[in-house]
A.B. asks: 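Take a look at the following structure, please.
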Amino acid sequence: MAWYEIINAKSDSYIADRDAEEMLRYLGTALHTEDGLAEAEVFYGLTPNGARRYYVPLSPEAVERTERVLALYDARALTAPPDLTGMEPIRRRS
């Protein structure tokens with residue numbers, strides 16, 4: 001499982017919320033399989049500066065499907081699973 005970190009530094013709550021919904025929608029579309037909907041899990045929290053931080057675990061197949069979305073949101077691949085202390089899970093059916 002590969003982990004990705006996506007940071008949205010926008011401070012306006014409305015714009016940040018809209019961007020997060022758009023990101024989740026894009027991920028859902030990219031993860032849609034021939035067998036139906038894929039399950040995706042996203043973790044949400046804040047950086048020390050108040051920016052929104054998301055962590056997404058993806059299988060190698062899911063990484064291939066979501067390459068464009070990850071590039072669009074400038075996701076950073078992590079070398080180890082993140083510390084999810086204080087993070088809120090956002091469970092979505094994609």
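Positions are given from 1, in the same order as the sequence printed here. Here the structure is a predicted model, which means the values were calculated and not measured.
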A.B. asks: Looking at every heavy atom in both Pro89 and Glu41, which two are closest together, and how far apart are they?
C.D. replies: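 The pair with the smallest heavy-atom distance is CB-OE2, 4.4 Å.
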A.B. asks: What pair of heavy atoms forms the shortest contact from Arg53 to Pro48, and how long is it?
C.D. replies: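 Answer, listing the atom of Arg53 first, then Pro48: NH2-CD, 4.1 Å.
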A.B. asks: Mind checking what makes ring pair (Phe, Tyr, Trp, His ring centres under 6.0 Å) contact with Tyr54, not counting sequence neighbours?
C.D. replies: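 Testing Tyr54 for ring pair (Phe, Tyr, Trp, His ring centres under 6.0 Å), a comparison that skips the adjacent residues, returns Tyr44.
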A.B. asks: How are the rings of Tyr55 and Trp3 set relative to one another: parallel (under 30°), tilted (30 to 60°) or perpendicular (over 60°)?
C.D. replies: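 Aromatic pair Tyr55/Trp3 classed perpendicular.
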A.B. asks: Kindly indicate whether the side chain of Leu70, heavy atoms from C-beta on, has any atom under 4.5 Å from the side chain of Leu58.
C.D. replies: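 Counting from C-beta outward, Leu70 and Leu58 do come under 4.5 Å.
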A.B. asks: Salt bridge (Lys or Arg N to Asp or Glu O under 4.0 Å): which pairs involve residues 67-78, sequence neighbours left out?
C.D. replies: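 For residues 67-78, and leaving out neighbouring residues, the salt bridge (Lys or Arg N to Asp or Glu O under 4.0 Å) pairs sorted by first residue read Glu5-Arg76.
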A.B. asks: Using side-chain hydrogen bond (donor to acceptor under 3.5 Å, both in side chains) as the criterion, list what pairs up with Thr85, not counting sequence neighbours.
C.D. replies: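 By the side-chain hydrogen bond (donor to acceptor under 3.5 Å, both in side chains) rule, Thr85 matches Asp83.
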A.B. asks: Once you round to the nearest 0.5 Å, how far does CD1 of Ile6 lie from CG of Leu72?
C.D. replies: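 Result: 9.5 Å between the selected atoms.
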A.B. asks: What distance do Arg25 atom CZ and Leu27 atom CG have between them, rounded to the nearest 0.5 Å?
C.D. replies: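 If we round to the nearest 0.5 Å, Arg25:CZ and Leu27:CG are 11.0 Å apart.
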A.B. asks: Give me the atom names and distance for the closest heavy-atom approach of Asn8 to Ala51.
C.D. replies: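 Reported closest heavy-atom pair: O-CB, 3.6 Å.
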A.B. asks: Identify whether Leu78 and Tyr4 are in the same connected component of the hydrophobic contact network (ILVMFWY, side-chain heavy atoms under 4.5 Å).
C.D. replies: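 In one cluster with Leu78: Tyr4, no.
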A.B. asks: Looking at Ala2 and Val63, what are the two nearest heavy atoms and their distance?
C.D. replies: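 Closest heavy-atom pair between Ala2 and Val63: CB-CG2, 4.3 Å.
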A.B. asks: Any chain of hydrophobic side-chain contacts (each under 4.5 Å) joining Ile7 to Ile15?
C.D. replies: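 Unlinked, Ile7 and Ile15 end up in two clusters.
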A.B. asks: For the backbone of Ala62 and the side chain of Ser59, can you confirm whether one donor and one acceptor N or O come within less than 3.5 Å of each other?
C.D. replies: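 A pair under 3.5 Å: yes.
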